[in-house]
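All values below come from the heavy atoms of this structure, side chains included, with hydrogens, waters and symmetry mates left out. Per chain, numbering begins at 1; letters A, B, ... match sequence-line order. None of the values given here were measured: they were computed from a predicted structure.
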Protein chains: 2
Amino acid sequence: MGLTKTENFTVKQNQIAGMAKALAHPARIAILQEIIKAKSCICGDLVSRINLAQPTISQHLRELKNAGLIKGDIEGTSVCYCIDEHHWKLLRDTLNTFLNQVPEIKDNCC
Amino acid sequence: MGLTKTENFTVKQNQIAGMAKALAHPARIAILQEIIKAKSCICGDLVSRINLAQPTISQHLRELKNAGLIKGDIEGTSVCYCIDEHHWKLLRDTLNTFLNQVPEIKDNCC
DNA sequence: TTATTACATTGCAATATTACGATAAATATA
DNA sequence: TATATTTATCGTAATATTGCAATGTAATAA
């Protein structure tokens, strides 16, 4: 079906999964790394740095924007992207909380 | 195309994305939470706890296993699942390292 | 005004994912 | 042996994702 049964799960579960989904493509990881590497904003020369066509990059940028990880500011003809630090931290904390809830479990069976 | 151009990206980038992909479905988050809640192994009564058909659960379990997040031990007719703590920590650290690399960037443009 | 430049959007083809019925496989039980 | 139980696999339908060429849009430059 390809259709996730969202209604079967809690809001939190859908949130965590949604956040992970935004990170679930190497191109998006690469884009985020380029933006981070730039230390400030990167004025959209991502196409020349990542080996994908311009519409593809644009599509990934939109997904990162929808997830709240980045924001874009129009500067004349070009667009400046940077990390949305506030959302980034929220996302990081949510993911971390989930990933850290595995303490030392006694491996008594497996 | 639906075909990720894996070869365009570094091993690390593909790793991070692959890990995120394993977490990118609420059913898999729910499964992991059930296993964690059980504190030890959960003997495959996941189908009764999660509102999805048995083959669907089985499929998600396989993906979690492929990602290294869980392991399963056969116990008679049933299978016991538990968190693969070693791999879990490796994955967590990789994701954390990525998510933590955004320090206080001066918001000088956006 | 007419390019030009930088991105976004549209539309489409190829592939991937999700979900489940049917069925297989493996073990336990009667 | 026959049957029940539990999980995995196969096959398939529905939907989602990825990638890109073509095109649209908005600001700037000539």
- Take atom CG of A:L64 and atom P of C:dA8, then tell me their distance rounded to the nearest Å. 12 Å
- Query: To the nearest angstrom, how far is B:L46 atom CG from C:dA19 atom C1'?
  - Reply: 17 Å
- Across all chains, not counting sequence neighbours, the side chain to side chain contact (heavy atoms under 4.5 Å, CB included) partners of B:T97 are none
- With sequence neighbours left out, what residues match A:R62 under side-chain hydrogen bond (donor to acceptor under 3.5 Å, both in side chains)? none
- Step by step, would you call A:I35 with A:L64 a side-chain contact (heavy atoms from CB on, under 4.5 Å)? CA-CA 12 Å; A:I35 296 179; A:L64 290 171; 5.8 Å; no
- Kindly write out the residues that satisfy side-chain hydrogen bond (donor to acceptor under 3.5 Å, both in side chains) with B:T4, not counting sequence neighbours, or none if the list is empty. A:H25
Sub-3.5 Å pairs of nitrogen or oxygen atoms, protein against nucleotides 8-10 of chain D:
residue	atom	partner	partner atom	Å
D:dA8	OP1	B:Y81	OH	2.5
D:dA8	OP2	B:S58	OG	2.9
D:dA8	OP2	B:Y81	OH	3.3
D:dA8	N7	B:Q54	NE2	2.6
D:dA8	N6	B:Q54	OE1	3.0

- Contacts of B:F98 meeting ring pair (Phe, Tyr, Trp, His ring centres under 6.0 Å) (sequence neighbours excluded), chain-then-number -> A:W88
- Item | side-chain hydrogen bond (donor to acceptor under 3.5 Å, both in side chains) against A:E34, all qualifying residues, sequence neighbours excluded | A:R49
- Task: Answer yes or no: does a side-chain N or O of A:H60 lie under 4.0 Å from OP1 or OP2 of D:dG19?
- Result: yes
- In terms of SG positions, are A:C80 and A:C41 separated by less than 2.5 Å? no
- Item | side chain to side chain contact (heavy atoms under 4.5 Å, CB included) involving B:H86 - partner list, sequence neighbours excluded | B:D84, B:L90
Report all side-chain donor-acceptor pairs from residues 11-22 of chain B shorter than 3.5 Å, counting only partners two or more places apart or in another chain.
residue	atom	partner	partner atom	Å
B:Q13	OE1	B:T10	N	3.0
B:Q13	OE1	B:T10	OG1	3.3
B:Q13	NE2	A:Q33	OE1	2.6
B:N14	ND2	B:T6	O	3.2
B:N14	ND2	B:T10	O	3.1

- Message: Let me spell it out: for each of B:L3 and B:S78, pick the nucleotide of DNA chain D with the closest heavy atom. Which residue's pick is nearer the 5' end?
- Response: B:S78
- Task: Return the set of residues passing side chain to side chain contact (heavy atoms under 4.5 Å, CB included) with B:S58 (not counting sequence neighbours), or none when no residue passes.
- Result: B:Q54
- Message: Can you list, in residue-number order, the parts of residues 5-28 of chain B that come under 4.0 Å of DNA chain C, counting heavy atoms only?
- Response: B:K21, B:H25, B:R28
Under-3.5 Å N/O pairs linking protein and nucleotides 25-30 of chain C:
none

- Item | Pairing residues for A:N8 by the side-chain hydrogen bond (donor to acceptor under 3.5 Å, both in side chains) criterion, not counting sequence neighbours | B:N51
- Touch check for A:T4, heavy atoms < 4.0 angstrom, all strands: base, sugar-phosphate only, or nothing? sugar-phosphate
